[in-house]
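Data first, discussion second: the structure below is written as structure tokens.
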Amino acid sequence: MGFYTELFARPRPKEQARYRAALALLNAMSNADRSDIGVKPADFPRIAREMSTRQA
């Protein structure tokens, strides 16, 4: 039982918050914006992972 408490009580890494924000940004793009830059929805997780690991 202690494992579950530790699992849920531990703070999330900053990369996960950045990943979620990047994924939300990509999902908010219109179809026209996506076609302009040549991004398909299947590429969103990969792109979001790359965006989250970059330093600002």
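All values reported here derive from a predicted model rather than from experimental measurement.
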Atom pairs and distances, donor-acceptor, side-chain atoms in residues 22-33, under 3.5 Å, two or more places apart:
unit_1 : atom_1 : unit_2 : atom_2 : d
Asn27  : ND2    : Leu23  : O      : 3.2
Ser30  : OG     : Asp33  : N      : 3.3
Ser30  : OG     : Asp33  : OD2    : 3.3
Asn31  : OD1    : Arg34  : NH1    : 3.2

| message | So, taking the atom named CD1 in Ile37 and the one named CG in Asp43, what distance separates them when rounded to the nearest 0.5 Å? | response | 10.0 Å
| Point-to-point distance, once rounded to the nearest 0.5 Å, from OG of Ser52 to NZ of Lys14 | 13.5 Å
| message | I want to check something: taking the side chain as every heavy atom from C-beta on, are Val39 and Phe44 in contact at a cut-off of under 4.5 Å? | response | yes
| remark: Closest non-hydrogen contact found for Arg54 with Arg18 is O-NH1, 4.1 Å
